[in-house]
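In what follows, a structure is listed as structure tokens, so that the remarks can point back to it.
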Amino acid sequence: MRAYSDVYLGDVVENQGKLFDYVANTYPDKDTEDFINAYMTSKTRQSIDQAKAYVNTMDAKELWEYFKETEHYSLKQGKAMEGFIPNWIGEFYAYYQWYYNIPSAEVNQKINVDFLKKSYYGWHDLDLDLEVQKVGEI
């Protein structure tokens, strides 16, 4: 059984990818990886895991504002991820969580950002469905 209705899936996957990309591109002197880890283990992402329509339907910028406010999060100094990698990681995490119906915090813990950064070059051209099946259920 999937995490929530596939009616939300396309928007959640796209918006999470755009959110990660937005943060990386808007804040080039901030640590994108820290943001991703904080987001994936947050109450905000947990609301998406639980199919709360209010959060599931937010676009990337709305999600960013909601996340900052809800989690009282501020970005840490560091280096932003470059290129398409943050977008892909966001999409992968969102699809993986939906596909296997595993809490995002657990997905982030078992499939860490460093692993995904290394996997990007071999996998980013594949269909998301195939990518999550290659990793398999954790």
Side-chain angles (χ1 to χ4, degrees):
M1 186 172 137
R2 304 300 182 228
Y4 46 82
S5 170
D6 61 359
V7 170
Y8 294 119
L9 179 63
D11 287 338
V12 170
V13 168
E14 181 179 349
N15 289 329
Q16 184 164 294
K18 286 180 178 180
L19 170 64
F20 289 11
D21 191 58
Y22 173 79
V23 170
N25 287 307
T26 305
Y27 306 98
D29 61 337
K30 303 295 182 187
D31 187 341
T32 309
E33 190 168 335
D34 179 74
F35 159 71
I36 291 171
N37 290 327
Y39 177 79
M40 290 298 294
T41 58
S42 70
K43 292 176 193 151
T44 301
R45 181 58 217 190
Q46 185 179 29
S47 292
I48 294 171
D49 292 358
Q50 297 168 350
K52 295 187 177 172
Y54 176 71
V55 183
N56 279 36
T57 57
M58 288 181 178
D59 68 24
K61 288 183 182 177
E62 290 170 325
L63 223 95
W64 170 237
E65 293 302 323
Y66 181 83
F67 171 73
K68 287 190 306 182
E69 183 178 315
T70 302
E71 312 298 330
H72 308 288
Y73 179 79
S74 60
L75 291 164
K76 292 187 175 156
Q77 285 298 117
K79 184 162 173 33
M81 288 182 201
E82 297 178 349
F84 192 69
I85 293 173
N87 185 294
W88 179 80
I89 289 172
E91 290 183 355
F92 177 89
Y93 271 150
Y95 194 87
Y96 190 96
Q97 186 282 323
W98 172 82
Y99 190 89
Y100 290 111
N101 194 12
I102 298 171
S104 290
E106 187 178 331
V107 172
N108 178 247
Q109 178 185 15
K110 294 185 176 176
I111 304 172
N112 65 43
V113 173
D114 193 50
F115 171 80
L116 291 178
K117 288 191 301 190
K118 291 174 185 171
S119 301
Y120 170 79
Y121 297 101
W123 292 357
H124 74 280
D125 285 334
L126 300 176
D127 181 71
L128 276 173
D129 198 63
L130 182 57
E131 291 170 6
V132 300
Q133 289 177 37
K134 277 183 150 310
V135 173
E137 187 170 358
I138 51 176

Review point. Considering all heavy atoms of both residues, which atom of Ala51 and which atom of Asn56 are nearest to each other, and what is their separation?
Key: CA-ND2, 3.7 Å
Review point. How far does CD of Glu131 sit from CG of Leu116, to the nearest 0.5 angstrom?
Key: 9.5 Å
Check your understanding: Is the centre of the Phe20 ring less than 6.0 Å from the centre of the Phe35 ring?
Key -> yes
Point to revise | Test: Asp31 and Lys76 ion pair at under 4.0 Å | key: no
Point to revise | Gap between atom CZ of Phe67 and atom OH of Tyr73 - 0.5 Å precision | key: 6.0 Å
**Study point:** Arg45 and Val55: CA distance, side-chain angles, deciding distance, side chain to side chain contact (heavy atoms under 4.5 Å, CB included) verdict
**Key:** CA-CA 9 Å; Arg45 181 58 217 190; Val55 183; over 6 Å; no
Check your understanding: Cut-off 3.5 Å, side chains only: do Asn15 and Tyr8 have a donor facing an acceptor?
Key -> no
Practice item. Kindly compute the distance separating CG (Asp49) from CD (Glu106), expressed to the nearest 0.5 Å. Key: 10.5 Å
Exercise for review: Taking atom types as modelled, find out whether Gln46 and Ser104 have a side-chain donor-acceptor pair closer than 3.5 angstrom.
Suggested key: no
Check your understanding: Which one of Tyr99, Tyr100, Trp98 satisfies the ring-ring contact (aromatic ring centres under 6.0 Å, His included) criterion with Tyr96?
Key -> Tyr100
Review point. Salt bridge or not for Lys118 and Asp114, using N-O below 4.0 Å?
Key: yes
Review point. When you look at Val113 and Glu33, which way does the side chain to side chain contact (heavy atoms under 4.5 Å, CB included) test go after all the steps?
Key: CA-CA 7 Å; Val113 173; Glu33 190 168 335; 3.6 Å; yes
Check your understanding: When you look at Met40 and Gln16, which way does the side chain to side chain contact (heavy atoms under 4.5 Å, CB included) test go after all the steps?
Key -> CA-CA 10 Å; Met40 290 298 294; Gln16 184 164 294; 3.8 Å; yes
**Study point:** Proximity of Tyr93 and Trp88 rings by center, below 6.0 Å
**Key:** no
Check your understanding: When the ring planes of Tyr121 and His124 are compared, do they come out parallel, tilted or perpendicular, using 30° and 60° as the limits?
Key -> perpendicular
Point to revise | Spacing of Lys134 atom NZ and Asp129 atom CG [to the nearest 0.5 Å] | key: 12.5 Å
Review point. Atom CG of Leu63 and atom NZ of Lys68: how far apart are they, to the nearest 0.5 Å?
Key: 12.0 Å
Review point. To the nearest 0.5 Å, how far apart are NZ in Lys43 and NZ in Lys52?
Key: 11.0 Å
Practice item. Group every Ile, Leu, Val, Met, Phe, Trp and Tyr by side-chain heavy-atom contacts under 4.5 Å, then state whether Met58 and Val7 land in the same group. Key: no
Review point. Can Ile89 and Tyr120 be said to form a side chain to side chain contact (heavy atoms under 4.5 Å, CB included), step by step?
Key: CA-CA 8 Å; Ile89 289 172; Tyr120 170 79; over 6 Å; no
Practice item. Provide the closest heavy-atom pair for Gln97 versus Val107 in the form atom of the first, atom of the second, distance. Key: CA-CG2, 4.4 Å
Exercise for review: Any chance you could lay out the side chain to side chain donor-acceptor pair (under 3.5 Å) test for Asn108 and Asn112, step after step, and finish with the verdict?
Suggested key: CA-CA 5 Å; Asn108 178 247; Asn112 65 43; over 6 Å; no
